[in-house]
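Here is the naming used below: chain letters follow the sequence lines, and residue numbers restart at 1 for every chain. Values below: every heavy atom of this structure, side chains too, minus hydrogens, waters and symmetry copies. Note that the structure is predicted; figures quoted are calculated from it, not measured.
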Amino acid sequence: MLKEMPKTYDPSTAEDRIYQMWEKAGYFHAAPNPEKEPFTIVIPPPNITGQLHMGHALDDTIQDAIIRFKRMQGYEALWMPGTDHASIATEVKIVDAMAKEGLTKKDVGREEFLRRAWSWREEYGRRIVNQLKKLGASCDWERERFTMDEGCSRAVLKTFVDLYEKGLIYRGDRIINWCPDCKTALSDAEVEYEEQDSFLWHIRYRAEDGGEGLVVATTRPETMLGDTAVAVHPEDERYAGLVGKNVILPILNKPIPVVADEYVEREFGTGCVKITPAHDPNDFEVGLRHGLPVIRVMADDGSMNENAGKFAGLSAKECRKAVVEELERTGALVKTEPYKHNVGTCYRCHSVVEPLVSKQWFVNARELAKPAIECVRDGRIKFVPERFDKIYFNWMENIRDWCISRQLWWGHRIPAYYCEDCGEVTVAAEAPKACPKCGSTHLHQDEDVLDTWFSSGLWPFSTMGWPDDTPELKYFYPTSVLCTGYDIIFFWVARMIMFGMSQMGEVPFHTVFIHGIVRDEQGRKMSKSLGNGIDPLKVIEKYGADSLRFSLTMGTSAGNDMRFYDSKVEACRNFANKIWNASRFVLMNAESDIIPVEQAKLDAADRWILTRLNDAVRAVTDNLESYELSLASQKIYDFVWSEFCDWYIELTKTRLYGEDAEEKKSALSVLLYVLDATLRLLHPFMPFVTEEIYSYLPHTSGTIMRAPWPKEVPAFNFPEVAQNMDGMMELVQSIRNVRADLSVPPSRRTHITIVTDEAHRAFYTGAGAYFNKLAGASGVTVQTDKAGIAPDAVPAVCAAAQAYMPLAELVDLEKERARLEKEKAAAEGEIARAQAKLQNEGFVKKAPEKVVEDVRGALLKNQELLQKINERLESLAK
RNA sequence: GGGUUUAUAGCUCAGUUGGUUAGAGCGCUACGUUGACAUCGUAGAGGUCGAUGGUUCGAGUCCAUUUAAACCCACCA
């Protein structure tokens with residue numbers, strides 16, 4: 001006697017229990033194994049700043065489905081987990097938390113700050129791991145890593161030193177993006193642009209000789225205090241006379257030169273551009289070309305510095321106001337017009353960033369980009385969907401040097417040491433004891449830390465033990481697929497490829513699977529400020545992790561955004577319930593001893609479902625191999641619901657409830673066989689419920705996680721039987737349709753006479769019981785002519801056969817005629833369509849034979865159907 | 001300025017290489033407690049696949065133009 005399954009599946013009690021079982025048994029663990037092919041995924045390490053959100057749920061569901069699939073296929077499948085220290089994001093959080101205690105970074109100092117950061121990491125790092133477990137993520141937790149752990153830190157140091165020694169990392173004064181709020185430099189990728197309403201101020205700069213001079217247009221009048229020139233286009237005749245002369249910078253009353261530079265657009269504004277090399281990237285370039293001085297007028301906190309003269313100490317905003325007022329008073333302000341323009345904002349705190357010149361560390365990205373472009377170009381790395389390679393190329397080919405130093409404390413401290421005596425800079429993995437140049441022992445380390453993406457860029461190999469030469473690195477690297485959202489292609493994917501190529505000389509992964517972002521019901525991005533975020537854990541609590549996972553994979557297309565709907569999760573929950581109950585049905589009947597499917601006496605229905613199962617196995621496998629998770633999940637859903645449950649289970653009932661023990665055993669054996677295979681197909685998507693059901697199956701042992709992936713069985717392909725079954729189902733549906741039209745109550749059963757040709761006679765004779773079960777028949781007679789059928793018997797027609805039922809007294813003549821006319825019109829339409837095609841010479845000549853044959857078949861079928869309908873219409877007319 | 005995506009049933013979306021009558025979920029209508037499931041079953045209504053033109057024997061699918069929306073990159077001050 002088997003264990004009895006509860007009537008409904010309760011994910012809330014089962015999931016944690018199952019997950020613990022998996023973890024305890026070590027099923028997630030992977031290790032170098034020469035007997036097997038490796039398959040590797042490294043997780044995009046979640047930030048330790050917060051908690052699991054829908055984006056993670058999607059990302060990690062996809063990865064888990066893939067890794068479970070590959071594991072079952074027999075690969076040594078490693079899903080490498082870990083978390084990201086998220087330098088700036090975490091630091092912002094900790095600073096906020098300290099602010100609530102009334103403390104600042106300065107108050108506590110570096111050491112205490114880092115102590116707090118590490119305890120933050122302990123707490124939130126653990127939290128996010130637990131949340132991943134709730135989702136069912138089959139990560140190899142024994143290998144969990146952290147971007148700031150000892151090994152990853154060594155990888156960072158080595159990479160930094162290597163690149164420095166190759167001249168690919170350098171320190172210099174460059175225009176960078178400065179966040180006055182986070183008080184740190186940012187890379188270009190970390191700046192988000194948003195359109196803002198502002199003004200274009202037109203300001204007159206008089207000529208030094210007292211002439212009219214020229215008028216410049218600017219959106220940032222406060223930066224004029226740092227102007228060191230005005231530029232015009234070299235071929236602009238309007239200002240040709242001024243080039244080489246000086247104009248007077250208002251307010252400061254300082255002469256600055258007019259230079260000619262092609263960067264200026266003659267059509268824009270007045271055709272004159274004020275040049276502020278210290279506070280604008282383009283101006284900086286112009287300044288370099290013309291040897292202009294660089295005057296910074298803004299301090300690191302965004303306030304004006306001593307170079308701003310009387311405006312020193314004001315914030316940029318206050319300064320702007322004051323400058324405009326003064327320009328107005330002195331008559332230098334010519335006009336003010338409303339203007340929309342893009343301003344850069346910090347991707348973490350969304351304050352407006354200030355471009356300014358600062359001494360920072362940079363990576364020569366252009367050089368690193370070359371091999372990184374090449375390996376995508378030649379197909380060593382493939383993007384799925386393919387179109388994302390365009391975005392990648394576009395960015396990589398126009399890449400600018402990457403500012404990697406951050407004026408933060410939480411992160412990898414830059415391994416550069418400065419000699420206080422001779423100024424020598426030493427870059428080394430370990431702090432030098434003395435200056436290699438002058439021997440001084442007065443050295444201090446650079447105060448800054450590295451961009452968080454520097455360490456995550458090393459993730460695919462730092463987690464495998466690099467820079468050590470470990471067995472893991474040899475076996476699992478390059479990894480197989482990297483899965484992430486399109487929003488971090490630049491931040492992360494691009495950097496991993498650059499570092500992989502430069503440090504390993506090898507791609508970090510072969511495939512990049514890109515997905516979209518999860519939006520709310522109205523299609524809005526989920527965000528804290530909108531308060532429209534949906535907590536995956538709440539969804540899991542309500543519907544179970546399987547339902548959430550399935551809802552995130554079904555009905556989506558790779559690379560595109562999706563909306564999150566509660567009702568969709570509910571539908572998936574219903575699906576989990578469906579397969580639960582189907583299993584319950586099978587097991588309720590599994591009392592007798594079970595025979596292997598090879599020994600079963602297969603009837604038509606068995607052969608049909610086995611054929612369909614083969615189709616499903618093939619389709620699902622193909623789809624998963626090519627990362628078409630949506631198609632795979634849809635296929636399983638349809639197979640389970642529409643084929644296995646709606647038809648096959650119903651078809652087995654007559655045998656299960658019948659007297660023939662052999663029939664019963666056979667049906668049960670096929671039921672169990674198909675159920676088992678189906679559960680395995682479903683497992684990557686719904687790991688928990690499949691495991692739970694699997695534990696009830698009589699002929700299985702161990703975990704479904706490690707069960708082999710189903711294979712097609714050639715011996716179970718029965719195409720002719722499947723075709724007959726399809727015809728039978730069509731006829732059953734036609735009968736149900738007629739009965740529904742005539743409002744025949746289900747309790748009213750009728751004798752059905754089936755008329756078919758000689759070829760199908762045996763099949764329908766054998767299928768009689770199906771009509772009793774599925775079509776309200778009380779008995780079935782099969783014949784090849786219409787002998788003995790009452791002239792007013794009601795027919796249900798389909799192409800292969802017709803069924804006649806003595807229900808004449810129920811027929812509403814008008815309704816029946818209308819129904820038949822409609823069917824007639826449909827059949828005629830099909831006939832016309834098919835005939836038109838067959839009369840088209842081009843079609844018959846050029847189309848593949850199979851297509852032409854199919855059309856001929858359809859024509860014949862519809863002609864027969866039409867004939868039957870016409871006969872019936874005629875008999876109605878009498 | 002450059003690029004990408006989306007437009008298919010009332011709503012949300014699938015539709016892999018062009019090939020019979022374009023699918024699903026939700027919603028809607030009618031019926032139904034048939035010994036797995038009402039988290040269910042049966043039957044049904046509902047679409048000229050954004051528009052125009054083209055390629056082809058054949059186009060939701062390929063090409064061109066176009067309309068609308070979303071996004072990314074660039075940043076002409």
Are OP1 or OP2 of [N] and a side-chain N or O of [X] less than 4.0 angstrom apart?
X: Ser557(A); N: A14(B); answer: yes
X: Asn574(A); N: C40(B); answer: yes
X: Asn398(A); N: A74(B); answer: no
X: Lys822(A); N: A45(B); answer: yes
X: Arg573(A); N: U39(B); answer: no

> Among the nucleotides C73(B), G19(B), G44(B), which one has an atom lying closest to any side-chain atom of Asn394(A)?
Replying inline: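 Closest nucleotide among those given: C73(B).
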> Closest to the Val273(A) side chain: U5(B), A77(B), G19(B)?
Replying inline: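 Side chain of Val273(A) sits closest to A77(B).
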Just checking [X]: base, sugar-phosphate only, or nothing, at a heavy-atom cut-off of under 4.0 Å?
X: Tyr263(A); value: base
X: Glu386(A); value: nothing
X: Lys390(A); value: sugar-phosphate
X: Arg400(A); value: sugar-phosphate
X: Tyr339(A); value: sugar-phosphate
X: Tyr657(A); value: base
X: Gly555(A); value: sugar-phosphate
X: Gln733(A); value: sugar-phosphate
X: Pro848(A); value: base
X: Ala571(A); value: sugar-phosphate

Is a donor from one side chain sitting under 3.5 angstrom from an acceptor on the other, for [X] and [Y]?
X: Gln196(A); Y: Ser198(A); answer: no
X: Asn560(A); Y: Ser557(A); answer: yes
X: Asp261(A); Y: His233(A); answer: no
X: Asp561(A); Y: Tyr486(A); answer: yes
X: Asp566(A); Y: Tyr543(A); answer: yes

> With distance as the sole criterion, do the side chain of Asn342(A) and the base of C75(B) form a donor-acceptor contact below 3.5 Å?
Replying inline: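 Looking at the base of C75(B), it does pair with a donor or acceptor on the side chain of Asn342(A) (distance under 3.5 Å).
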>> Taking donor-acceptor contacts at under 3.5 Å, does the side chain of Glu650(A) reach the base of A36(B)?
In response: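 Such a pair is found, so the answer is yes.
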I'd like a table of donor-acceptor pairs (distance under 3.5 Å, sequence neighbours excluded) in which one partner is a side-chain atom from residues 849-858 of chain A, with atom names and distances.
from	atom 1	to	atom 2	distance (Å)
Lys850(A)	NZ	Asp854(A)	OD2	2.9
Glu853(A)	OE2	Arg856(A)	NH1	3.0

> Where each residue is assigned the nucleotide of RNA chain B containing its nearest heavy atom, which of Glu521(A) and Leu631(A) is assigned the position nearer the 5′ end?
Replying inline: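 By nearest-heavy-atom nucleotide position, the 5'-most residue is Glu521(A).
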>> Pick the closest RNA chain B nucleotide for Lys525(A) and for Lys274(A) by heavy atoms, then say which residue is nearer the 5' end.
In response: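 It is Lys525(A) whose nearest nucleotide is closer to the 5' end.
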[N] [atom2] sits how many Å from [X] [atom1], rounded?
X: Arg584(A); N: A36(B); atom1: CZ; atom2: C1'; answer: 5 Å
X: Asp10(A); N: C37(B); atom1: CG; atom2: P; answer: 18 Å
X: Glu4(A); N: G35(B); atom1: CD; atom2: P; answer: 17 Å
X: Arg739(A); N: U34(B); atom1: CZ; atom2: C1'; answer: 11 Å
X: Arg748(A); N: G32(B); atom1: CZ; atom2: C1'; answer: 17 Å
X: Phe585(A); N: G41(B); atom1: CZ; atom2: P; answer: 14 Å
X: Tyr627(A); N: A14(B); atom1: OH; atom2: C1'; answer: 22 Å
X: Ile534(A); N: U12(B); atom1: CD1; atom2: P; answer: 15 Å

Listing time: all N or O pairs from protein to nucleotides 20-22 of chain B that are below 3.5 Å?
from	atom 1	to	atom 2	distance (Å)
U21(B)	OP1	Glu830(A)	OE1	3.2
U21(B)	OP1	Arg833(A)	NE	2.5
U21(B)	OP1	Arg833(A)	NH1	3.3
U21(B)	OP2	Arg833(A)	NH1	3.2
U21(B)	O4'	Glu830(A)	OE2	3.1

Under the ring pair (Phe, Tyr, Trp, His ring centres under 6.0 Å) test, which residues partner [X], sequence neighbours left out?
X: Phe688(A); value: Trp22(A)
X: Phe490(A); value: Trp395(A)
X: Phe639(A); value: none
X: Phe383(A); value: Tyr392(A)

Whole-angstrom distance between [N] and [M], as gauged at atom [atom1]:
N: G10(B); M: U17(B); atom1: C1'; value: 33 Å
N: G50(B); M: A9(B); atom1: P; value: 8 Å
N: C63(B); M: U56(B); atom1: P; value: 16 Å
N: U34(B); M: G41(B); atom1: C1'; value: 9 Å

[X]: side chain to side chain donor-acceptor pair (under 3.5 Å) partners, not counting sequence neighbours:
X: Asp622(A); result: none
X: Glu190(A); result: Ser187(A), Tyr347(A), Arg406(A)
X: Asp227(A); result: Tyr205(A), Lys274(A), Thr276(A)

> Relative to Tyr770(A), does Lys653(A) satisfy both conditions: NZ or CZ under 6.0 angstrom from the six-membered ring centre, and within 45 degrees of the ring's axis?
Replying inline: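 Relative to the ring axis of Tyr770(A), which defines the angle, Lys653(A) lies outside at least one limit.
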>> Can you pull out the residues from residues 634-645 of chain A that lie within a 4.0 Å heavy-atom distance of RNA chain B?
In response: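 Those residues are Gln634(A), Tyr637(A), Trp641(A), Cys645(A).
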> Contacts to RNA chain B from residues 561-569 of chain A, heavy-atom cutoff under 4.0 Å, which residues?
Replying inline: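 By residue number: Arg563(A), Tyr565(A).
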>> Show me the dot-bracket string of RNA chain B, counting Watson-Crick or G-U pairs under 3.5 Å, with | for pairs to another strand and [ ] for crossing ones.
In response: (((((((..((((.....[...)))).(((((.......))))).....(((((..]....))))))))))))....
>> Tell me whether Arg573(A) is salt-bridged to Asp546(A), with the criterion being a basic N under 4.0 Å from an acidic carboxylate O.
In response: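 Salt bridge between Arg573(A) and Asp546(A), a charged N being under 4.0 Å from a carboxylate O: no.
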> Which heavy-atom pair separates Ala775(A) from Ile735(A) by the least distance, and what is that distance?
Replying inline: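 Minimum heavy-atom separation between Ala775(A) and Ile735(A): O-CG2, 3.7 Å.
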> Between Phe575(A) and Phe550(A), what is the ring plane arrangement, given parallel below 30°, perpendicular above 60°, and tilted in between?
Replying inline: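 Because their plane-to-plane angle is under 30°, the rings of Phe575(A) and Phe550(A) count as parallel.
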